[in-house]
Amino acid sequence: MQIRQTLFLLLSLTLLVGCDNRSPMARRIESLPNLVAYWDFQGEDHLRSKGNVEATLRGEGGSLPALVDEGPVSGHSLRFDGDDYLYIPYAETGDLNVQSGEVTVVAWVKWTAEQIGFVAGMWNEYEDGGKRQYGLFVSLPHYNGANQVCGHISRSGKPTPPFPYSIDYSASPQTVPADEWCAVAFTYDGEYIRSFFNGEFEEREEELIDHTTGFEGYPEGLRQVKNPYYFPDGIGDNGSDFTVGAVFVNKRIGNFFKGQIGGIAVYDRALSPEEVEYVSEWTEN
């Protein structure tokens, strides 16, 4: 009887595995705890998230980035032309509006390297003086993040006093190449923001931050370590939409990502470096 039960269990497990039609990357993404939502842009409903939050990305005025048959996560991706973006209204964000005080955003991108590129997050630099929360960027040159992976966090939603913009972001020492698929990510554990390129975290030395000289309290400028970036203030709940491909800047949408995005995953905790490396590994379909 025991042998028969064991054989039945093994057969059931085999059938379950056989019915799993997820891609290897989807299995990696879903295997890590605290997954909030992810997009692999596969299937007819490719703008609907998978994971604990089910929400659909929508385009402004019905305009949507083109779906193309290329990408490292599912074999598909969205092509952003530098003037389109997607969003989920704040009221529908659910757990994407993270309340844990920690967050990780991972994305797989092919960036043209022509301009600042916002990838994904809840980040609004304009309305009500700023509704910033968290956001993954490629290239933020104003404060030493040109052509690098940048993870932005804000508590207040406003600029960082006494400066005109928010300075609170990590920036990888590695640069993001043009027209190559790569994994970009950042984590925030409630104390430090860390930026990762292709699953690797590299520290930076303390440096003088551009555009910080002459401000009150900083006559000779501000010196900081950009990776990891020390930020113990936490994440605010400031009312931002969740956007992909652009953010509100200076009364209008800007910081458009130009290139392809092949997948996005959001977790409401800081993944360990080993977990970021694990989920970032991929082979192009």
Any side-chain heavy atom of I167 sitting closer than 4.5 Å to one from Y165?
no
Going by the angle between their ring planes, with limits at 30° and 60°, are Y188 and F231 parallel, tilted or perpendicular?
tilted
Specify whether F242 and W39 have parallel, tilted or perpendicular ring planes, treating 30° as the upper limit for parallel and 60° as the lower limit for perpendicular.
parallel
Under 3.5 Å: donor-acceptor pair, side chain of N227, backbone of E202:
yes
Chi angles and distances behind the side chain to side chain contact (heavy atoms under 4.5 Å, CB included) call for S195, Y229:
CA-CA 9 Å; S195 288; Y229 183 89; over 6 Å; no
Any donor-acceptor N/O pair, D69 side chain to G75 backbone, under 3.5 Å
no
Quick one: does Y278's side chain get under 4.5 Å of S272's, heavy atoms only?
no
Report the C-alpha separation of E102 and S100 in whole Å, then their side-chain angles, then the decisive distance to 0.1 Å, and conclude whether the side chain to side chain donor-acceptor pair (under 3.5 Å) test is met.
CA-CA 5 Å; E102 300 186 10; S100 62; 5.9 Å; no
Side chains of E70 and W181: is there a donor and an acceptor less than 3.5 Å apart?
yes
Please evaluate residues Q174 and Q148 with respect to the criterion side chain to side chain contact (heavy atoms under 4.5 Å, CB included), reporting the C-alpha separation (whole Å), side-chain torsions for both, the decisive distance (0.1 Å), and the verdict.
CA-CA 6 Å; Q174 309 102 311; Q148 294 152 3; over 6 Å; no
Any side-chain heavy-atom pair of Y134 and V266 under 4.5 Å:
yes
Under the side chain to side chain donor-acceptor pair (under 3.5 Å) rule, what do E207 and Q224 come out as? Steps first, then yes or no, please.
CA-CA 6 Å; E207 59 198 274; Q224 291 180 324; over 6 Å; no
Verify side chain to side chain contact (heavy atoms under 4.5 Å, CB included) between I261 and S77, making sure each step is shown before the conclusion.
CA-CA 5 Å; I261 300 178; S77 61; over 6 Å; no
Any ion pair linking R223 and E206 (charged N to carboxylate O, less than 4.0 Å)?
yes
Side chain to side chain contact (heavy atoms under 4.5 Å, CB included), that's the test. Do R155 and Q133 meet it? Break it down for me.
CA-CA 7 Å; R155 176 69 177 182; Q133 293 179 228; over 6 Å; no
For residues 241-255, which residue pairs qualify under side-chain hydrogen bond (donor to acceptor under 3.5 Å, both in side chains), counting only residues two or more places apart or in two chains?
none
same_hphob_cluster(V106, I193) at 4.5 Å side-chain heavy-atom cutoff:
no
Verify the cluster assignment for V176 and Y143: are they in a single hydrophobic cluster under the rule of side-chain heavy atoms below 4.5 Å apart?
yes
Are R27 and E30 close enough for a salt bridge, meaning some N to O gap below 4.0 Å?
no
When rounded to the nearest 0.5 angstrom, what is the spacing between CG in D233 and OG in S156?
8.5 Å
Heavy-atom neighbours of R79 CZ exceed 12 at 6.0 Å
no
State whether F186 and R194 meet the cation-pi test: NZ (Lys) or CZ (Arg) under 6.0 Å from the six-membered ring centroid, and within 45° of the perpendicular axis.
no
Heavy-atom distance under 4.5 Å between the side chains of K258 and D81, does that happen here?
no
Are the ring centres of F257 and F118 closer than 6.0 Å?
no
Do P177 and W111 come close enough that some side-chain heavy atom pair is under 4.5 Å?
no
With a 3.5 Å distance limit and no angle check, can you tell me whether T212 reaches the backbone of I209 through a side-chain donor-acceptor pair?
yes
Tell me, please, which residues at least two apart from S49 pass side chain to side chain donor-acceptor pair (under 3.5 Å).
none
Of all heavy-atom pairs linking S280 and N198, the shortest is CB-C, 4.2 Å
Taking the side chain as every heavy atom from C-beta outward, state whether R58 and E92 have any atom pair closer than 4.5 Å.
yes
I'd like to know whether Y90 forms a side chain to side chain donor-acceptor pair (under 3.5 Å) with D237, so could you lay out the CA-CA distance, the side-chain angles of the two residues, the decisive distance to 0.1 Å, and finally the verdict.
CA-CA 10 Å; Y90 171 76; D237 178 0; 2.7 Å; yes
By side chain to side chain donor-acceptor pair (under 3.5 Å), which residues pair with Y85, not counting sequence neighbours?
E60
Can you tell whether the side chains of E125 and K131 come within less than 4.0 Å, N to carboxylate O?
no
Ring-plane angle category for H152 and F137, please: parallel below 30°, perpendicular beyond 60°, tilted otherwise.
perpendicular
Applying side chain to side chain donor-acceptor pair (under 3.5 Å), can you list everything that pairs with T160, at least two apart in sequence or on another chain?
D168
Do W108 and V244 belong together in a cluster built from hydrophobic side chains that touch within less than 4.5 Å?
no
In terms of ring plane angle, is the pair F196 and F201 parallel, tilted or perpendicular, where the classes change at 30° and 60°?
tilted
Within a reach of under 6.0 Å around CZ of F163, are more than 12 heavy atoms found that belong to other residues, nucleotides or ligands?
yes
Gap separating the CG atom of N124 from the OH atom of Y126, nearest 0.5 angstrom:
9.5 Å
Check whether I153 and L222 end up in the same hydrophobic cluster, where Ile, Leu, Val, Met, Phe, Trp and Tyr are linked by side-chain heavy atoms less than 4.5 Å apart.
yes
Got a donor-acceptor contact below 3.5 angstrom from the N144 side chain to the D210 backbone?
yes
Taking only Lys NZ, Arg NE, NH1 and NH2, and the carboxylate oxygens of Asp or Glu, determine whether E203 and K226 approach each other closer than 4.0 Å.
no
Looking only at heavy atoms, the pair that brings A246 and I253 closest together is CB-CG2, 3.4 Å
Counting only heavy atoms not in Y230, do more than 12 sit closer than 6.0 Å to its OH atom?
no
Can you check whether P162's main-chain N or O pairs, donor with acceptor, with Y218's side chain at less than 3.5 Å?
no
What heavy-atom pair brings L35 and A265 nearest, and what distance separates the two atoms?
CD1-CB, 4.5 Å
Atom CG of L140 and atom OG of S170: how far apart are they, to the nearest 0.5 Å?
9.5 Å
Of all the heavy-atom pairs spanning L86 and F80, show the shortest one and how long it is.
CD1-CZ, 4.3 Å
With rounding to the nearest 0.5 angstrom, report the CG to CG distance, L47 to L64.
6.0 Å
Mind jotting down which residue pairs meet the salt bridge (Lys or Arg N to Asp or Glu O under 4.0 Å) criterion with at least one end in residues 45-56? Sequence neighbours excluded, please.
D40-K50, R48-E54
Side chains of M122 and T93 in contact at under 4.5 Å (non-hydrogen atoms)
yes
Transitively linked via ILVMFWY side-chain contacts under 4.5 Å: V105 with L78?
yes
Any side-chain heavy atom of C150 within less than 4.5 Å of one from V138?
no
Around atom CG of D95, are there more than 12 heavy atoms of other residues, nucleotides or ligands at under 6.0 Å?
no
Counting only heavy atoms not in Q99 (residues, nucleotides, ligands), do more than 12 fall under 6.0 Å from its CD?
yes
Taking side chain to side chain donor-acceptor pair (under 3.5 Å) as the definition, give me every residue that meets it alongside N147, ordered by chain and number, with sequence neighbours left out.
none
Heavy-atom pair of closest approach, residues R269 and T104:
O-OG1, 2.7 Å
